[in-house]
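Numbering of residues begins at 1 and proceeds along the displayed sequence. Atoms within each ligand, like the ligands themselves, are counted from 1 in listed order.
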Amino acid sequence: MPSAISTDVLIVGAGVAGLWLNARLRRQGFSTVLVESASLGGGQSVKSQGIIHGGAKYALHGALTGASEAIADMPRRWREALAGNGELDLSSVRLLSEAHYLWSPGTLAGNLTSFFASKAVRGRVDQVKGEQLPPALQDKRFKGKVYRLAELVVDVPSLIERLAQLAGDGLLAGQHVEPLLEQGELVGLRVDEREIRAQRIVLSAGAGNAELLSALGLSQPTMQRRPLHMVMVKGPSLKPLYAHCLGGGPKPRITVTTHPAADGQWVWYLGGDIAEAEGVAREPAAQIAAAQKELGNLLPWVDLSQAHWATLRVDRAEPAQSGLTRPDNAFLAEQNRLLVGWPTKLALAPDFADRVLAALARDGIQPGPAHTLPSLPKPPVAQPAWEQLLP
Ligand code: FAD
């Protein structure tokens, strides 16, 4: 029987939310244990596009939703962390792009023209031309307009690796999680037969939260999954591109991010509308054909004859919502010692950690006496999908 452990905060699920929270708590002197059943970041986090949104994309729905939304402050907080002087030291994390771009292949629809001219976007969104264009769009055949958004793109695998370093000795590879009850009250969890007591228990297991809640006999909060069918293309002729290509509707027609493969080539990772409903319904071969057609229409000068293609199905996990609106804040629900949530975006991991820290402060939870942890089995760091799926 493995030894029992006591810790201040026990976290289940080591995606960006659990890892970021864990690092913040440790920095404030709390003891933590972070349990992961598969690989660090291997749920949605390393499959994400790494864009640190500041909310500009959502302005395409209409007006910007206002400064009260946490998302507006995320680019600044990440920038400070990446510079090594923020809430975490992420100076070893690779920044892929200083900016994300909005790219309109034709003339702008009337509502967008007024959007770009509006006070809300001035200073946040600037039009770029010529040599300032993203390298992949620098071709004399390119017609259209490009706007630079003050939003970063981070290399998520290097982020996860850094957050795993900051987790110190607190990572635990564990499969079976059961409630640990005392007089009917939750006091911790039993993880693979090991008892772990904690002042607070946080579930940040992404799509795994629903099952964990039911193992604890709870039905709230409810979760929704939003399936996506992403496309990856790797080739020697690809140049960096980080952009939402605008279509007629409120969602980007296609969102392209570019990621370094281990062999030195670039991988374009395609999301946006192409990866949603119709794309989800397509078989992989048809989804690749649709992406080839889109890129052929939008970027006819890019030679894709040597490219390798693959698709990836992945669900976004979020709190259940009515309608189609997406929250621009992290979500956290509480029940006595238990806290459960979803950051809803990688960019909002700092907001998720804030919400947990605020709940601890409100309840007067302080770091307890330091305990030395026994040596624990460690989960591996996830591999990026393009290393697994592309030659
Ligand atoms: P996850 O990363 O899914 O981590 C949950 C972890 O919990 C996993 O490691 C899992 O193995 C573990 N787990 C599950 N069950 C258990 C259990 N029972 N016991 C122990 N561990 C368990 N957001 C952005 O801000 N910008 C983007 O550009 C962006 N692009 C995206 C693109 C795609 C294709 C997708 C799918 C999402 C994207 N997102 C983006 C959203 C973002 O990826 C997620 O909101 C974020 O990664 C969620 O982090 P998480 O830690 O909650 O979940």
Side-chain angles (χ1 to χ4, degrees), residues 10-22 33-55 57-58 70-71 74-75 78 96-97 100 151-154 156 159-160 163-164 171-178 189 191-192 202-216 223 225-232 242 244 252 255-257 259 269-272 274-276 279-280 311-319 326-328 330-332 340-353 379-382 385:
L10 170 58
I11 308 168
V12 185
V16 71
L19 284 162
W20 191 291
L21 169 65
N22 184 57
V33 172
L34 173 54
V35 181
E36 169 57 49
S37 60
S39 58
L40 304 171
Q44 297 154 86
S45 298
V46 289
K47 295 170 189 144
S48 84
Q49 294 193 278
I51 306 164
I52 307 305
H53 305 285
K57 182 174 84 165
Y58 305 103
I71 197 144
M74 289 303 131
W78 281 80
L96 293 177
S97 181
H100 195 69
E151 299 185 347
L152 312 169
V153 187
V154 297
V156 180
L159 168 69
I160 298 297
L163 293 174
L171 293 170
L172 169 61
Q175 305 299 320
H176 289 286
V177 174
E178 291 166 28
L189 297 174
V191 180
D192 294 343
V202 181
L203 305 184
S204 58
N209 275 348
E211 205 174 301
L212 285 166
L213 283 168
S214 83
L216 298 179
M223 185 186 93
R225 287 170 178 263
R226 203 149 44 83
L228 295 170
H229 195 184
M230 305 290 286
V231 180
M232 282 174 252
Y242 300 92
H244 298 301
T255 297
V256 185
T257 48
H259 305 267
Y269 192 31
L270 313 177
I274 194 171
E276 304 217 5
V280 171
T311 70
L312 173 70
R313 289 188 188 276
V314 52
D315 290 352
R316 285 181 85 136
E318 303 165 332
R326 295 187 209 170
D328 277 358
F331 174 92
L332 188 72
V340 187
W342 295 268
T344 74
K345 289 180 185 67
L346 174 105
L348 284 164
D351 184 42
F352 179 77
V381 176

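- The salt bridge (charged side-chain N to carboxylate O under 4.0 Å, His left out) test applied to Asp315 returns Arg225, not counting sequence neighbours.
- In this structure Phe352 satisfies the ring-ring contact (aromatic ring centres under 6.0 Å, His included) test with no other residue, sequence neighbours excluded.
- Listed by chain and number, the residues in a side chain to side chain contact (heavy atoms under 4.5 Å, CB included) with Ala210 are Met223 (sequence neighbours excluded).
- The 4.0 Å heavy-atom shell around ligand 1 contains residues Val12, Gly13, Ala14, Gly15, Val16, Ala17, Val35, Glu36, Ser37, Ala38, Ser39, Gly43, Gln44, Ser45, Lys47, Ser48, Gln49, Gly50, Ile51, His53, Ser204, Ala205, Gly206, Gly208, Leu212, Leu228, Met230, Tyr269, Val314, Arg316, Pro343, Thr344, Lys345, Leu346, Ala347, ordered by chain and number.
- Relative orientation of the Trp78 and Trp20 rings is tilted, given thresholds of 30° and 60° on the angle between their planes.
- One finds the OG1 atom of Thr255 at 5.5 Å from the NE2 atom of His100 (value rounded to the nearest 0.5 Å).
- Ring geometry for Trp342 versus Phe331: interplanar angle of 30 to 60°, hence tilted.
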